[in-house]
*Asks:* 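Input: one structure, supplied below.
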Amino acid sequence: MTAQQRTRPQAASKPVRWAADVVATMREGARVRLDYSAQSLWRVDRMIDEIRREGPPYAAVRDVLRGFGAYAGEVIVRQTGAEWWATGGDHWVRTPDGRLWDPVDEARRCFDGQGSLRLLCRDATASATGR
């Protein structure tokens with residue numbers, strides 16, 4: 001077993017926890033059910049859009065955006081058999097076709113009005129399944 005193989009499960013521990021935290025927070029606080037489906041990412045994109053329109057500074061919403069990105073990554077992992085990869089504190093999803101996706105950064109891009117977690121998931125899923 002290589003060192004890289006031993007660290008992969010650890011790479012997933014933080015984003016899996018961040019995703020679970022955002023699911024619980026949305027269920028309890030906003031009464032929004034996130035079920036790890038690609039369709040649920042429509043709601044996530046809309047929630048990020050609503051947060052952006054309220055105009056908070058990025059620093060105030062960084063953790064929730066990280067959670068939304070991790071949630072989107074978990075949707076991709078569950079739909080494609082992808083794996084979480086981590087280096088230097090950054091987390092990516094590696095789909096079975098070998099491509100790397102950065103859903104946490106995509107959540108930040110959504111907050112900037114330039115991204116979509118739903119579209120990222122669509123592209124990653126299509127890439128991984130050859131569609």
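Atom set for the values below is all heavy atoms of this structure, side chains included, hydrogens, waters and symmetry mates excluded. Here the structure is a predicted model, which is why all the values come from computation and not from measurement.
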*Asks:* Write down the atom of F68, the atom of I51, and the distance for their closest heavy-atom approach.
*Replies:* CE1-CD1, 4.1 Å
*Asks:* Can you measure from NE2 (H91) to CH2 (W84) and round to the nearest 0.5 angstrom?
*Replies:* 7.5 Å
*Asks:* Tell me whether V23 shares a hydrophobic cluster with V75, the cluster being built from Ile, Leu, Val, Met, Phe, Trp, Tyr side chains joined at under 4.5 Å.
*Replies:* yes
*Asks:* Looking only at heavy atoms, which two atoms of V104 and A70 are closest? And how far apart?
*Replies:* CG2-N, 4.1 Å
*Asks:* Which atoms form the tightest heavy-atom contact between M26 and L34, and what is the distance?
*Replies:* CG-CD1, 3.9 Å
*Asks:* Just verifying a value: how many Å separate M47 CE and L65 CG, rounded to the nearest 0.5 Å?
*Replies:* 11.5 Å
*Asks:* In Å, rounded to the nearest 0.5 Å, how long is the span from CZ of R78 to CD1 of I76?
*Replies:* 12.5 Å
*Asks:* Could you state whether V44 and Y58 fall into the same hydrophobic cluster, counting links through intermediate Ile, Leu, Val, Met, Phe, Trp or Tyr residues with side-chain heavy atoms under 4.5 angstrom apart?
*Replies:* yes
*Asks:* Give, for atom CZ of R108 and atom CD of Q114, the distance between the pair rounded to the nearest 0.5 Å.
*Replies:* 8.0 Å
*Asks:* Report yes or no: do V16 and V77 belong to one cluster of Ile/Leu/Val/Met/Phe/Trp/Tyr joined by side chain heavy-atom distances under 4.5 Å?
*Replies:* yes
*Asks:* So, for Y71 and S37, which heavy atoms are closest and what is the spacing to 0.1 Å?
*Replies:* OH-N, 3.8 Å
*Asks:* Which distance, rounded to the nearest 0.5 Å, do you find between the SG of C121 and the CG of L41?
*Replies:* 5.0 Å
*Asks:* For R118, is there any backbone N or O sitting under 3.5 Å from a side-chain donor or acceptor partner on D45?
*Replies:* yes
*Asks:* Would you name the heavy atoms of A107 and L117 that are closest together and state the gap between them?
*Replies:* N-CD2, 3.8 Å
*Asks:* For W101 and E106, which I'm curious about, is there any donor-acceptor pair between the side chains at under 3.5 Å?
*Replies:* no
*Asks:* Any idea which heavy atoms bring R52 and G113 closest together, and the distance?
*Replies:* NH1-CA, 3.6 Å
*Asks:* Starting at CZ of R43, measure out to CZ of R46 and round the result to the nearest 0.5 Å.
*Replies:* 7.5 Å
*Asks:* Given the rule that I, L, V, M, F, W and Y join up when any side-chain heavy atoms are under 4.5 Å apart, are W42 and F111 in one cluster?
*Replies:* no
*Asks:* Quick one: does V93's side chain get under 4.5 Å of P103's, heavy atoms only?
*Replies:* yes
*Asks:* Answer yes or no: are there more than 12 heavy-atom neighbours, outside R53 itself, under 6.0 Å from its atom CZ?
*Replies:* yes
